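First comes the structure, then the notes that go with it.
Below, each value reflects all heavy atoms present in this structure, side chains not excepted, and no hydrogens, waters or symmetry copies. Everything numeric here is computed off the predicted structure, so don't read it as measured data.
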Amino acid sequence: MPDLYIHNSYTRKKEKFEPLTPGHVGLYVCGPTVSGESHLGHARPYITFDLVTRYLKHIGYKVRYVRNITDAGHFEEEGREAVDKVDVKAKLEKLEPMELVQKYTNLFHKGMYLFNCEDPTIEPTATGHIIEQINMIEDIIAKGYAYEVNGSVYFDVKKYAQHYPYGKLSGRVLEDLLETTRDLDGQDEKRNKVDFALWKKAPPEHIMRWKSPWGEGFPGWHIECSAMSSKYLGETFDIHGGGMDLLFPHHESEIAQSTIAHGHPPVRYWMHNNMITINGKKMGKSYNNVIKLSELFSGNHPMLEQAYHPMVIRFYILQTHYRSTLDFSNEALQASEKALRRLWEAYEVLQKLNVGTNSTPSDAALDGQVRKWCAECEEFMCDDLNTAKVIANLFELAPVINGIKGGQIKADAISASTYQLLKDTFKTWLEDVLGMKPLAVQQSNKLDQALQVLIDIRKEARARKDFATSDQVRNKLAEAGILLKDEKDGSVSYTIE
RNA sequence: GGUCGCGUAGCCGAGUGGCUAGGCAAAGGUCUGCAAAACCUUCUACAGCGGUUCGAAUCCGCUCGCGACCUCCA
């Protein structure tokens, strides 16, 4: 097992990863709030941490990957805000939170499937863990770090900060936070404005509510992750991931809650992915600049010049290091699409390549270079998951593959074992770890046979030098999105867009 | 205002103090009936100004510009 180094947001340093339990990794990632449809920005953490689990598994770990569904809170159907939720009499006219949650959970899962993100091993819901959350809050109250006011419970941050390094994760200083002048809901109930809610009393119009020792209400914003991560991964676990925007207050609060409840910090390695920006600004609801996943896949959005395949989005995200911002543009996405096509075609060529069984390469320099490029992929991933460099190396290898096929490079230039290494490298990195899949749909046998008929007709026309007919076949097919390619050896291949 | 981060060739994006990723686009060439693809070649950048150093895009300082968080936020 190679040594993996990851950037720990808590220490702001690259650290060697060592799991609590040898051979096993506990990973918790903040999942979606299913009150609306996921957008491009949401895709980044899920693709990033899919990569993390894939890589951990690749190097031999058994991973328990917990990603929650936040389905509790103040939910409203989009465009339905105006409806008076209390006065509507008919049952079916009323906003039913579960219906909303179901709808967006399904959409989220569909998106994850299209992105080829593997399922988390446990996907707990906040509503399914109300008891655990209440228990944890009671525990924190009992330990003297939370107080109840008027049916709500708040965490006493000021007291916590006297004994623990509050703000270390997000680089926050308590005094600065106390100075911030901002009026928030429930401010007057709190002892200090920095205190955060563990439990909120539900106002009459609030549609989601549960009984608790403090009356009817709903859990605070941060407690679910603490309750569920400790339940499934233990009081201390290996990796906690999420977007950088969750550093404060979400993750900072998680640390505080868990530290009091369990007597020690919950997480050994914090990992945060950077944001996706659009025109330099973070993509987010509050900026009114989101592109939803369904819009991305359909191209149905004023900012989109075309539809983008989920694999193109995935590739585009992985072409950048996860801790850098990534700026959206049609140009960038189109470049990714072409790049991925090229790489994937090289991979397909590689699998059909006819190479000799020579044990010694005729071009030792090239053979050595290929072996180096292949071997480096592992080093790059070990260094804080540098997918950009892995992809760059695959692009270095592509001309070698295409060159052998095209005859510019002799078939025996690399040894049989190097050829096998090349195949393994593409399979391992492009498919297994980066999680790429072909863009083209699988063709049916019948379509293939039909195309062969057309290809034969064209072939015969070309043989008679009847180029008008041959070009007509090719051009008409091209119009339909089927591209014919005359190969060097006289065969004809096709790609379907 | 506070905290943190960023500024790399036409565009997107890696990056170690010296060996000048990669992709897309562009130009030229090889191949081809013509295409397309592929292959080869070319385009040598690091916001500005100082400093440290034999040597800095990479370290330090200042200036300018941008962003994130401080409020739900991936």
Side-chain angles (χ1 to χ4, degrees), chain A residues 9 12 29-33 35-36 38-49 70 73-74 167 170-173 175-177 179-185 194 221 241-250 252 272-277 280-287 290 315-316 319-321 323-343 345-346 349 376 380 383 386-396 398-409 462 465-467 470-471 474-475 478 483-488 493-495:
Chain A
S9 310
R12 290 154 206 238
V29 174
C30 290
T33 301
S35 61
S38 300
H39 63 251
L40 175 60
H42 295 123
R44 174 108 102 143
Y46 306 128
I47 289 173
T48 298
F49 289 101
T70 298
H74 188 57
S170 56
R172 226 51 41 142
V173 181
E175 285 68 39
D176 295 343
L177 290 170
E179 281 169 23
T180 315
T181 52
R182 211 153 220 164
D183 284 328
L184 292 170
D185 191 35
V194 288
W221 316 318
M244 271 183 185
D245 50 354
L246 296 180
L247 274 165
F248 190 89
H250 188 56
E252 199 71 69
H272 291 93
N273 62 275
N274 215 317
M275 301 292 101
I276 288 183
T277 59
K281 281 249 189 302
K282 174 184 164 185
M283 186 178 282
K285 230 176 182 174
S286 39
Y287 294 99
V290 300
F315 191 71
Y316 155 77
Q319 264 182 307
T320 305
H321 187 87
R323 285 192 295 110
S324 300
T325 52
L326 172 56
D327 198 53
F328 165 88
S329 70
N330 281 283
E331 222 182 343
L333 243 8
Q334 283 158 11
S336 288
E337 180 174 332
K338 286 190 182 173
L340 175 58
R341 280 222 151 83
R342 193 165 113 77
L343 203 52
E345 274 178 37
V349 166
E376 280 173 342
F380 295 156
D383 185 14
N386 200 326
T387 52
K389 281 185 147 189
V390 171
I391 290 171
N393 267 32
L394 295 179
F395 272 111
E396 296 281 13
V400 177
I401 295 163
N402 290 325
I404 291 173
K405 184 201 176 199
Q408 294 92 344
I409 297 170
R462 289 183 69 205
K465 298 215 188 304
D466 176 8
F467 296 121
S470 70
D471 287 351
R474 191 179 61 200
N475 294 338
L483 299 175
L484 297 188
K485 276 194 247 175
D486 294 325
E487 301 291 352
K488 269 222 159 106
S493 65
Y494 62 85
T495 52

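The interatomic distance linking N393(A) (CG) with G15(B) (C1') rounds to 13 Å, in whole Å. Whole-Å rounding puts the L483(A) CG to A38(B) C1' distance at 14 Å. The distance between atom CD1 of I404(A) and atom C1' of A38(B), rounded to the nearest whole Å, is 13 Å. The interatomic distance linking N273(A) (CG) with A74(B) (P) rounds to 11 Å, in whole Å. Here the P atom of nucleotide C34(B) and the CG atom of L484(A) are 17 Å apart, to the nearest Å. The distance from atom OH of Y316(A) to atom P of A14(B) is 11 Å, rounded to the nearest whole Å. Between N330(A) atom CG and G10(B) atom P the separation is 21 Å, expressed in whole Å. In this structure, F248(A) places its CZ atom 9 Å from C1' of C69(B), rounding to the nearest Å.
Residue contacts shown for K405(A) are absent, as no nucleic acid heavy atom lies under 4.0 Å away. If you check every strand for non-hydrogen atoms under 4.0 Å, T320(A) touches sugar and phosphate atoms only. Nucleic acid contact for E396(A): sugar-phosphate only, since backbone atoms but no base atoms lie under 4.0 Å from a heavy atom of the residue. The residue H321(A) sits close only to the backbone: its heavy atoms come under 4.0 Å of sugar-phosphate atoms, none of a base. At the heavy-atom level, M244(A) lies nowhere under 4.0 Å from the strands shown. Counting any heavy atom pair closer than 4.0 Å across all strands shown, L394(A) reaches no nucleic acid atom. Contacts of F315(A) with the nucleic acid, taken as non-hydrogen atoms under 4.0 Å apart, are absent. At the heavy-atom level, G284(A) lies nowhere under 4.0 Å from the strands shown. Within the nucleic acid shown, I276(A) comes within 4.0 Å of at least one base atom, counting heavy atoms only.
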Atom pairs, protein N/O to nucleotides 24-33 of chain B N/O, distance under 3.5 Å:
| from | atom 1 | to | atom 2 | distance (Å) |
| --- | --- | --- | --- | --- |
| C24(B) | OP1 | R342(A) | NE | 3.4 |
| A25(B) | OP1 | K338(A) | NZ | 2.8 |
| G33(B) | N7 | R462(A) | NH2 | 3.2 |
| G33(B) | O6 | R462(A) | NE | 3.3 |
| G33(B) | N1 | D471(A) | OD1 | 3.0 |
| G33(B) | N2 | D471(A) | OD2 | 2.8 |

Output one line per pair: protein atom, nucleotide atom from nucleotides 3-8 of chain B, and distance, for all N/O pairs under 3.5 Å.
| from | atom 1 | to | atom 2 | distance (Å) |
| --- | --- | --- | --- | --- |
| U3(B) | O2' | G171(A) | O | 2.8 |

Write down the protein N/O and nucleotide N/O pairs, taken from nucleotides 63-65 of chain B, whose separation is under 3.5 Å; answer none if there are no such pairs.
none

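As rounded to the nearest Å, U41(B) and G33(B) have C1' atoms that lie 26 Å from one another. On the P atoms, C46(B) is 10 Å away from G10(B), given to the nearest whole Å. When the P atom is used for both A21(B) and U3(B), the distance is 37 Å, rounded to whole Å. A36(B) sits 23 Å from U42(B) when the C1' atoms are compared, rounded to a whole Å. Remark: the separation of the C1' atoms in U20(B) and A56(B) is 13 Å, to the nearest Å. Taking the C1' atom of each, C40(B) and U8(B) are spaced 27 Å apart, rounded to whole Å. The separation of C6(B) from G61(B), taken at their P atoms, amounts to 13 Å, rounded to a whole angstrom. Across the C1' atoms, C59(B) and G18(B) are found 14 Å apart, a figure rounded to whole Å.
Sequence order on RNA chain B of the closest nucleotides to N386(A) and G403(A) puts N386(A) first from the 5' end. Summary of the strand contacts: H42(A) and E487(A) both lie near RNA chain B, and taking for each the nucleotide with the nearest heavy atom, the more 5' one is attributed to E487(A).
With sequence neighbours left out, the side-chain hydrogen bond (donor to acceptor under 3.5 Å, both in side chains) criterion links K389(A) to no other residue. The side chain to side chain contact (heavy atoms under 4.5 Å, CB included) test applied to A392(A) returns no partner, not counting sequence neighbours. Taking T48(A) as the reference, R44(A), N273(A), Y322(A) meet the side chain to side chain contact (heavy atoms under 4.5 Å, CB included) condition, with sequence neighbours excluded. With sequence neighbours excluded, the residues satisfying side-chain hydrogen bond (donor to acceptor under 3.5 Å, both in side chains) with Y494(A) are D448(A). Every residue two or more places apart in sequence or in another chain that forms a side chain to side chain contact (heavy atoms under 4.5 Å, CB included) with N330(A) is listed here: L304(A), E305(A), Y308(A), F328(A), Q334(A). Partners of E331(A) by side chain to side chain contact (heavy atoms under 4.5 Å, CB included), not counting sequence neighbours, listed by chain and number: S329(A). N475(A) pairs by the side-chain hydrogen bond (donor to acceptor under 3.5 Å, both in side chains) definition with nothing, not counting sequence neighbours. Contacts of H39(A) classified as side-chain hydrogen bond (donor to acceptor under 3.5 Å, both in side chains), with partners at least two apart in sequence or in another chain: H42(A).
A distance of 11.0 Å separates CE of M275(A) from CG of L326(A), quoted to the nearest 0.5 Å. Taking CD of E376(A) as the start and CG of N393(A) as the end, the distance is 5.0 Å to the nearest 0.5 Å. Rounding to the nearest 0.5 Å places NE2 of H272(A) at 9.5 Å from OG of S170(A).
Listed candidates were A36(B), A21(B), A74(B). Nearest to the side chain of K485(A) is A36(B). Taking only side-chain atoms of A332(A), from C-beta outward, the nucleotide of C12(B), C70(B), G22(B) with the closest atom is C12(B). Distance from the side chain of D327(A) is smallest to G13(B) among C40(B), A74(B), G13(B). Proximity note for S286(A) (side chain, C-beta onward) versus C40(B), G23(B), C73(B): the nearest is C73(B).
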Annotated structure of RNA chain B as dot-bracket, pair cut-off 3.5 Å, Watson-Crick or G-U only, | for inter-strand, is (((((((..(((.....[...))).(((((.......)))))....(((((..]....))))))))))))....
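Taking 3.5 Å as the limit, the base of C73(B) and the side chain of K282(A) contain a donor-acceptor pair of atoms between them.
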| said: Evaluate Q319(A) against L340(A) for side chain to side chain contact (heavy atoms under 4.5 Å, CB included), listing each step before the verdict. | reply: CA-CA 10 Å; Q319(A) 264 182 307; L340(A) 175 58; over 6 Å; no
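A salt bridge is absent between R341(A) and E345(A); no separation between the charged side-chain nitrogens and carboxylate oxygens falls under 4.0 Å.
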